[in-house]
2 protein chains.
Amino acid sequence: MSTKKKPQVTPTPERRRELLATAAEVFAAQGYNATTVRRIADEAGMLAGSLYYHFDSKESMLDEILSTFLDELWQGYDEVLAAGLGPRETIEALVTESFREIDRHRPAVAIYQKESKHLATQPRFAYLADSQAKFEKAWLGTLERGVTEGVFRDDLDIRLTYRFVRDTVWVAASWYRPGGHHSPEEIARQYLSMVLDGIALRT
Amino acid sequence: MSTKKKPQVTPTPERRRELLATAAEVFAAQGYNATTVRRIADEAGMLAGSLYYHFDSKESMLDEILSTFLDELWQGYDEVLAAGLGPRETIEALVTESFREIDRHRPAVAIYQKESKHLATQPRFAYLADSQAKFEKAWLGTLERGVTEGVFRDDLDIRLTYRFVRDTVWVAASWYRPGGHHSPEEIARQYLSMVLDGIALRT
DNA sequence: GCCGTTCCCTAACAAGTGTTTGGTAGGTTA
DNA sequence: TAACCTACCAAACACTTGTTAGGGAACGGC
């Protein structure tokens, strides 16, 4: 029990990520507005004012949480979209990638689900609206391509189908818990099976 | 006993419903915690303090909005469940009824989606947890019955299927706008078609 | 006429909010 | 040793929040 050497207890960027992680956890659980900075500080084992050594506002924490999540999301999406797959394979890859992102950024996804709608109106969070537009273009475009190529049904309202697929995937963040007995890939597989083939038994 | 008078410009219960409707609209748009009672009063054309003539707290408004919605929901659900339909027909009826409720109580449903999770822990809103348990019992039970009777697939995780169906239906409240060119029944029909048969073209 | 009720306003309150300022323990560097 | 930097604390600030108390205008019933 000698003096353990901890010259720099936690290097700056590391500590930053830790604090953002706990903040995201609280935001996701209580909602952004319902969360006080005192609560976040408490969870992090420090006082409210101390947070302002690392961040310059509560809003900037939210900003950093959401933007880093979206950056990583689009990194994965762009890779899929650039692969030149067929419509069905693209949808499968996008869904799988989405569940991986939920697995990695569950709190951020939950926050995004709850708050993005009314945040997107603020200038600071305009990138949320941009991302959503890009998102719709990618998914809706793939679905339309699938219809014209004859791999998806053409008797459905395509925008309804888009919202259906989009929502079924992303609401999963509200109940998903990492470390459960379903891997993201397994959940994606079953979800794709339901979305593509339905839950009714084929006769 | 006699002399029932209704000379007022707006009879009390009517005004109450009006205020609750505008409150629900604001709650749904901004989130409960982000909504100030001054904002609600503003939207209703009066001052903040005046709301307290009709309601005794902001929380009681939320309470009344959610409980009246759930009452109406279960009135419809119980009717369906008592009809003694087969599993597939029960699911179809529940989905259709759900979209009708979204049509009638869009703001309440949106609020429920966003807030119920952390509200259910408070004693005052314990009925939310009760309702959710009853809800799961009805839907999950119907799905299980469908599997044993051979109308639904048996190669899927049944709880995953439950959450899939449940979420696909209720998140629709986040984008649904009454008066659009799709009636609740039409949306229900297409959703059921997707959930039951899938979006892939059968070959 | 007066009375009572309904419904809202004015003006304030106390508690809680995000944020700032100045300070300081403890390690690193010169 | 002294100067310096990091990461936090202590205490306050200005502001917003939900809520309350008293008052008053409009109106129907008597």
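Quick caveat, the model's predicted, so the values are computed rather than measured. Proteins come first, then strands; the chains are lettered A, B, ... in the order of their sequence lines, and each starts at number 1.
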[X] [atom1] to [N] [atom2], straight-line distance once rounded to whole Å:
{"X": "A/Leu47", "N": "C/dT19", "atom1": "CG", "atom2": "P", "value": "16 Å"}
{"X": "B/Leu51", "N": "D/dT20", "atom1": "CG", "atom2": "P", "value": "12 Å"}
{"X": "B/Tyr53", "N": "C/dT5", "atom1": "OH", "atom2": "P", "value": "10 Å"}
{"X": "B/Arg15", "N": "D/dA26", "atom1": "CZ", "atom2": "C1'", "value": "15 Å"}
{"X": "B/Ile40", "N": "C/dC8", "atom1": "CD1", "atom2": "C1'", "value": "17 Å"}
{"X": "B/Phe55", "N": "D/dT20", "atom1": "CZ", "atom2": "P", "value": "15 Å"}
{"X": "A/Arg39", "N": "C/dT17", "atom1": "CZ", "atom2": "C1'", "value": "16 Å"}
{"X": "A/His54", "N": "D/dC5", "atom1": "NE2", "atom2": "C1'", "value": "14 Å"}

Please write out the pairs of protein N or O atoms and N or O atoms of nucleotides 23-25 of chain D separated by less than 3.5 Å, giving the distance to one decimal.
none

Mind listing the side-chain donor-acceptor pairs of residues 75-89 of chain A below 3.5 Å, one per line with the distance, residues two or more places apart or on another chain?
| residue | atom | partner | partner atom | Å |
| --- | --- | --- | --- | --- |
| A/Tyr77 | OH | A/Ser98 | OG | 2.6 |
| A/Arg88 | NE | A/Glu92 | OE2 | 3.2 |

> Are there more than 12 heavy atoms of other residues, nucleotides or ligands under 6.0 Å from atom NZ of B/Lys134?
Replying inline: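 Atom NZ in B/Lys134 is crowded, with more than 12 foreign heavy atoms closer than 6.0 Å.
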
>> Run the ring pair (Phe, Tyr, Trp, His ring centres under 6.0 Å) test against A/Tyr32 and tell me which residues pass, sequence neighbours left out.
In response: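 Result, ring pair (Phe, Tyr, Trp, His ring centres under 6.0 Å) vs A/Tyr32: A/Phe27.
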
> What residues, two or more places apart in sequence or in another chain, satisfy ring pair (Phe, Tyr, Trp, His ring centres under 6.0 Å) together with A/Tyr176?
Replying inline: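 Counting only residues at least two positions away or on another chain, A/Tyr176 forms no ring pair (Phe, Tyr, Trp, His ring centres under 6.0 Å).
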
> Cut-off 3.5 Å, side chains only: do A/Glu186 and A/Gln190 have a donor facing an acceptor?
Replying inline: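 Yes.
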
>> Testing the 3.5 Å rule here: is there a donor-acceptor pair between the side chains of A/Arg189 and A/Thr96?
In response: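 There is no such pair (donor and acceptor under 3.5 Å, judged by atom type) between the side chains of A/Arg189 and A/Thr96.
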
> Hey, is the main chain of A/Ser174 close enough, under 3.5 Å, to the side chain of B/Lys117 for a donor-acceptor pair?
Replying inline: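 Here the side-chain-to-backbone pair exists.
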
> By salt bridge (Lys or Arg N to Asp or Glu O under 4.0 Å), which residues pair with A/Glu25, not counting sequence neighbours?
Replying inline: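 Result, salt bridge (Lys or Arg N to Asp or Glu O under 4.0 Å) vs A/Glu25: A/Arg106.
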
Heteroatom pairs (N/O) under 3.5 angstrom, protein to nucleotides 15-18 of chain D:
| residue | atom | partner | partner atom | Å |
| --- | --- | --- | --- | --- |
| D/dG18 | OP1 | B/Thr35 | O | 3.2 |
| D/dG18 | OP1 | B/Lys58 | NZ | 2.9 |
| D/dG18 | OP2 | B/Val37 | N | 3.0 |
| D/dG18 | N7 | B/Arg38 | NH1 | 2.9 |
| D/dG18 | O6 | B/Arg38 | NH2 | 3.0 |

> Honestly, is B/Arg159 close enough over B/Tyr162, meaning NZ or CZ under 6.0 Å from the six-membered ring centre and within 45° of the axis?
Replying inline: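 Because its charged atom misses either the 6.0 Å distance or the 45° angle limit, B/Arg159 does not stack over B/Tyr162.
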
> C/dC7 phosphate, OP1 or OP2: any side-chain N/O from B/Ser50 under 4.0 angstrom?
Replying inline: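 No, outside the criterion.
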
